[in-house]
Amino acid sequence: MSEADPAGERERLVLVERQPEQRTALVRLNRPKQLNALNGQVMDALCDALEDLDADEAVRAIVVTGNERAFAAGADIAEMANASPIDMLRTNRIAQWDRVRRIAKPVIAAVNGWCLGGGCELAMALDIIVAGEGAKFGQPEINIGVTPGAGGSQRLPRAIGKSKAMVSILTGEPMTAAEAERAGLVARVTVDELVVEDALDLAAQIAMKSPVAVRLAKEEVNAAYEMPLTEALAHERRLFYLTFASEDQKEGMAAFLQKRQPDFKGR
Ligand code: CO8
């Protein structure tokens, strides 16, 4: 691929499929030979795809997946092996994980196979993790002489508690999907072949709700990880009151009282 066609290159690194009837979209990381190792181009393509879908009114919920061998086996080690601290600072690749975190629509990670390092940090920066029974989650950075850098040391303890997170981060040993579910990292586990379908069903279920309320509810839950309780409760209350400015609130409550299904427009 020539440099003259970076868009073509990006299209192949990340594949996007829309399900217009369900108002959902599937984003597939597509660097299979390297187990979806997240180099700069893959992360850029992923962020661009997610931001496009975030801006698309026809899409209400998104699923991100990899392939049967790997969701993503981490950031690309070859790309950073010889980097200096100033190279790392200058390229500031970790800002790409922040771009993912800023997506306003709900994003579900459908995980099969390896979900390691920056890949696990990517899944944790999304909203919900659904896993195949063969999935393996971990922060193996310690094995290559570094620490987690894209949120793993902060999000993993919040998800599974300090003690389990310490074991995972200090030994680098991966967790099975069953362990990750028991620990609270994963919402649900299914057979490997059904993970994407299950995640898309969940996305479709969410897509039937008020997009306004979904967006604000996501913001409320995220505040639980970022704000002190008193401030987060006040924030929640303001967002709850704000929903009363939406047509969807009027429609939702009228539909309940009239004993019919609501038709949410996202306004
Ligand atoms: N980076 C680059 N290449 C990788 C990576 C990776 N993270 N993971 C796998 N690959 C490549 C392998 O080099 C191999 O390539 P090749 O065929 O050309 O030799 C190919 O993918 C297949 O891998 P394996 O042959 O190793 O497959 P196995 O089934 O034997 O093993 C494992 C699978 C256990 C997943 C193994 O590949 C592995 O341990 N991978 C590395 C996991 C890891 O250490 N991840 C953490 C990386 S550091 C990180 O993520 C920090 C994030 C912080 C943000 C950084 C911003 C820049």
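This one's a predicted model, so the numbers in the text were calculated from it and none came from an experiment. Remember, it's 1-based here, ligands and their atoms both numbered in the order they're listed.
Protein residues are said to neighbour a ligand when one of their heavy atoms lies under 4.0 Å from it; for ligand 1 these are Lys33, Gln34, Leu35, Ala37, Arg69, Ala73, Gly74, Ala75, Asp76, Ile77, Met80, Arg93, Ile94, Trp97, Trp114, Leu116, Gly117, Gly118, Glu121, Pro140, Glu141, Ile144, Ala150.
Look at Glu51 and Arg99 and you find a salt bridge, because one of the NZ, NE, NH1 or NH2 atoms lies within 4.0 Å of a carboxylate O, short of that distance. A salt bridge between Arg267 and Glu251 is absent, with no side-chain N of the basic residue lying under 4.0 Å from a carboxylate O of the acidic one.
In the model, Gln139 has no side-chain atom that pairs as donor or acceptor with a side-chain atom of Ser168 under 3.5 Å.
Interatomic distance, NE2 of His235 versus CZ of Arg237, reported as 13.0 Å (0.5 Å rounding). Atom OG1 of Thr243 and atom CG of Asp248 lie 10.0 Å apart (nearest 0.5 Å).
In this structure a side-chain-to-backbone donor-acceptor pair under 3.5 Å is present from Glu79 to Gly40.
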